Student: 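Take a look at the following structure, please.
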Amino acid sequence: MIVAQISDLHVMREDRLAYGALDTRAFLLRAIDRLNTLAPRPDVVAITGDLVDEGSAGEYARLRTCLDGLRLPYRLVPGNHDARAPLRAAFPEQPWDREEPEFCLFAEEHGEVLLVGLDSLDPGRTAGLLCARRLAWLDRVLAARAGRPSLVMVHHPPFATGIAHLDGLPMEGAAEMLAIAARHGGVQRVVAGHVHRAMGAQPLGVACTTCPSTAHHFALDLEPGMRARWIPEPPGFQLHLLQPRAATVTHTGFIEDFGARPTKP
Ligand SMILES: [Fe+2]
Ligand SMILES: [Fe+2]
């Protein structure tokens with residue numbers, strides 16, 4: 001099974017540009033074109049939050065129009081820039097758990113693989129939160145399918161990145177979430193966004209990755225005390241290969257096609 005991932009689309013109102021410079025909707029359309037031409041076709045596209053920028057119904061309508069052009073099934077989780085009610089209203093067909101209407105949660109089987117959508121949104125705050133209710137839900141859905149290969153989508157990564165301005169606001173409940181994932185086994189990856197860079201870590205023994213943005217990135221600033229800086233590095237996506245008899249692998253690719261050439265003339 002191949003799960004493609006894109007993240008941090010930050011679709012905005014028509015008259016807005018990110019940092020006054022970037023048309024995030026145009027970047028998303030390019031990402032969709034790229035995903036539509038991938039071979040082999042991914043089974044599903046995981047879109048890990050910051051879908052829009054201000055959480056308005058108008059932004060979700062613009063996002064919907066873009067994603068209607070994606071010729072692959074996709075699943076959404078909210079980020080700190082999202083708002084649950086207009087997100088759910090714009091995407092009513094997403095498999096949101098109806099027993100948890102306060103959140104945007106889902107657990108869905110794709111063949112052998114369980115895809116879990118976790119909601120780390122804490123309205124009004126940049127930092128993520130996994131409250132006791134969401135953690136209990138995760139515990140239940142993983143317990144119901146113990147040991148099954150699983151991929152957990154969540155916007156905020158459950159680890160410190162080494163980039164100071166990102167680590168100042170850690171996700172509450174991260175350690176508890178990792179303990180649940182480790183206890184049930186089968187969790188192949190926790191796939192996150194939010195940090196606008198590709199990273200990998202293994203906190204408490206749980207493999208976690210973050211996906212580049214379809215638009216803009218944060219600079220690779222590992223010096224302590226650095227203030228946030230954005231950088232127009234190439235937008236990207238990831239492919240998570242869940243292989244029956246081998247380790248799960250995460251590939252990072254670019255939206256732009258740089259043109260593959262044969263190694264021998
Ligand atoms: Fe973001
Ligand atoms: Fe975010």
Side-chain angles (χ1 to χ4, degrees), residues 5-13 16-32 45-56 59-60 62-63 66-67 74-84 86-87 103-105 117-131 134 152-174 177 190-199 201 208-221 226-238 252 255:
Q5 184 185 1
I6 56 174
S7 199
D8 294 270
L9 324 177
H10 287 272
V11 169
M12 300 185 180
R13 283 177 5 198
R16 292 273 175 92
L17 297 173
Y19 307 116
L22 301 170
D23 180 351
T24 50
R25 179 177 169 276
F27 277 103
L28 173 59
L29 292 173
R30 270 173 241 155
I32 289 171
V45 182
I47 310 183
T48 44
D50 286 356
L51 309 169
V52 301
D53 204 56
E54 294 178 327
S56 68
E59 287 178 332
Y60 285 112
R62 294 192 93 207
L63 172 66
C66 297
L67 289 177
Y74 61 87
R75 298 293 178 261
L76 307 171
V77 294
N80 50 294
H81 283 262
D82 290 296
R84 293 184 186 112
L87 167 59
F103 302 108
C104 294
L105 301 165
L118 251 186
D119 173 344
S120 58
L121 170 59
D122 189 13
R125 293 185 66 227
T126 301
L129 170 67
L130 294 173
C131 59
R134 282 171 272 185
V152 177
M153 299 166 54
V154 64
H155 180 65
H156 296 81
F159 59 86
T161 65
I163 297 177
H165 66 90
L166 295 172
D167 294 343
L169 298 164
M171 174 167 63
E172 282 180 56
M177 186 261 272
V190 173
V191 302
H194 185 61
V195 293
H196 292 236
R197 296 200 68 80
M199 299 179 205
C208 302
T209 50
T210 66
C211 187
S213 169
T214 50
H216 50 286
H217 294 90
F218 289 122
L220 181 51
D221 284 329
M226 290 286 286
R227 292 173 62 180
R229 302 190 300 163
W230 73 276
I231 184 168
E233 287 179 345
F237 64 98
Q238 287 180 325
T252 301
I255 303 299

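The structure presented is a predicted model; accordingly, all values stated were derived computationally and were not measured. Hydrogens, waters and symmetry mates are skipped; everything else that's a heavy atom, side chains included, is used. Counting starts at 1 for both ligands and their atoms, in listed order.
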Student: Locate the shortest heavy-atom distance separating L121 from R134; write the atom from each residue and the value.
Tutor: O-NH1, 3.0 Å
Student: The Fe ion (ligand 2) and N80: any N/O/S contact shorter than 2.8 Å?
Tutor: yes
Student: Looking only at N, O or S atoms, which one in D50 sits nearest to the Fe ion (ligand 1)?
Tutor: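 This turns out to be OD2.
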Student: Would H10 count as a contact for the Fe ion (ligand 1), in the sense that one of its N, O or S atoms lies under 2.8 Å from it?
Tutor: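 An N, O or S atom of H10 is closer than 2.8 Å to the Fe ion (ligand 1), so yes.
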Student: A side-chain contact here means heavy atoms from C-beta on lying under 4.5 Å apart; do T48 and Q5 qualify?
Tutor: yes
Student: Just checking: H155, one of its N/O/S atoms, less than 2.8 Å away from the Fe ion (ligand 2), yes or no?
Tutor: yes
Student: Please state whether the separation between the Fe ion (ligand 1) and some N/O/S atom of H194 is under 2.8 Å?
Tutor: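 Not a single backbone or side-chain N, O or S atom of H194 is under 2.8 Å from the Fe ion (ligand 1).
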Student: How is the N/O/S atom of D8 that comes nearest to the Fe ion (ligand 1) named?
Tutor: OD1
Student: Judged by modelled atom types alone, do H196 and H217 share a side-chain donor-acceptor pair under 3.5 Å?
Tutor: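 H217 and H196 do not have a side-chain donor-acceptor pair below 3.5 Å.
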Student: So, taking the atom named OG1 in T210 and the one named CD in Q238, what distance separates them when rounded to the nearest 0.5 Å?
Tutor: 6.5 Å
Student: State yes or no: are the ring centers of F218 and H165 separated by less than 6.0 Å?
Tutor: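 That pair passes the under 6.0 Å test.
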